[in-house]
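Here's the structure we're looking at; comments come further down.
These numbers come from the heavy atoms of this one structure, side chains and all, not from hydrogens, waters or symmetry mates. Counting starts at 1 for both ligands and their atoms, in listed order. Please read all numbers here as calculations on a predicted model, not as lab measurements.
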Amino acid sequence: MDFAGGVVHEKGLLPQALPSWLTKITDRICQWTGLFPSAINHVLINEYHPNQGIMPHQDGPAYFPVVAIISLASAVVIDFTPHQRLKGQEHTDPQDIIESNCSQKLEGANEAEPDSSSLLLMPCSLLIFKDQAYTDYLHGIQDNELQNLDKVTNMWQCPEFKHQNSGNSHGQTNNCCGLEQSGTYRRTATRVSLTCRLVLKVHKKLFKI
Ligand SMILES: O=C(O)CCC(=O)C(=O)O
Ligand SMILES: [Fe+2]
């Protein structure tokens with residue numbers, strides 16, 4: 001794990017300028033989406049080997065509640081699961097929450113567990129999530145080379161999968177995307193992600209005496 005933009009404390013950011021190769025990307029994200037009230041000022045760079053993930057979590061309170069994640073080099077499944085407190089609530093359909101608040105609509109949650117949903121993040125893709133998808137759901141990636149695709153709602157964005165679906169009549173597995181016949185995806189390469197966020201409270205630089 002590495003980061004650019006400075007150190008995030010609970011009470012704010014001790015800032016460092018982002019490198020220009022990153023601001024080229026982050027400034028475009030801000031302009032295109034119009035979702036950030038000021039420039040993205042922090043980027044976390046994570047590397048995941050095929051058997052590595054990140055436990056379900058909510059991003060810290062220091063961040064503005066919009067996250068932009070760029071995926072590079074390898075696809076991965078990210079899971080969104082509701083907080084315990086949401087699970088206990090009656091008359092709350094988490095699907096509605098995700099649909100109304102996520103820039104990427106999450107459709108068709110599995111009936112057995114209608115409260116959680118997953119996305120397949122392809123290399124060179126950008127995921128943005130915000131609002132209740134940020135505050136009421138945990139996001140995480142399983143520590144597993146084999147990832148289940150049952151709850152993935154954006155398979156249509158994976159052209160290799162479409163190809164597999166239009167399929168050949170011999171029932172052969174098409175592995176060009178790491179997709180396996182049984183509805184699982186096998187991670188084979190290292191993934192790198194850039195998690196771009198805004199820390200609203202920025203501390204002035206400390207003086208060195
Ligand atoms: O690497 C990712 O795709 C997710 C990273 C993340 O959730 C985080 O750093 O808070
Ligand atoms: Fe996160």
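M55 is not connected to Y137 by any chain of hydrophobic side-chain contacts under 4.5 Å among Ile, Leu, Val, Met, Phe, Trp and Tyr, and they are in different clusters. Residues I29 and L35 share a single hydrophobic cluster, defined by chaining ILVMFWY side chains whose heavy atoms lie under 4.5 Å apart. Following chains of ILVMFWY side-chain contacts shorter than 4.5 Å, one cannot reach W32 starting from L194, and the two form parts of different hydrophobic clusters.
A salt bridge does not link K151 to D79: none of the charged side-chain nitrogens sits closer than 4.0 Å to a carboxylate oxygen. Under the 4.0 Å criterion applied to side-chain N and carboxylate O atoms, E145 and R187 are not assigned as salt-bridge partners.
Nearest heavy atoms, Q52 versus E47: OE1-O, 3.7 Å.
Applying side-chain contact (heavy atoms from CB on, under 4.5 Å) to I128 and the options V66, V67, I69 leaves one that passes, V66.
Within 4.0 Å of ligand 1, protein heavy atoms belong to L44, N46, Y48, I54, H57, D59, I69, H139, I141, R191, S193, T195, R197, listed by chain and number.
Counting only protein atoms, the N, O or S atoms lying less than 2.8 Å from the Fe ion (ligand 2) are H57 NE2, D59 OD1, H139 NE2, ordered by chain and residue number.
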Donor-acceptor contacts, no H, no angles, side chain residues 18-25, under 3.5 Å, sequence neighbours left out:
residue: T23; atom: OG1; partner: S20; partner atom: O; Å: 3.1

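Under the side-chain contact (heavy atoms from CB on, under 4.5 Å) criterion, I54 pairs with Y48, H57, I141, sequence neighbours left out.
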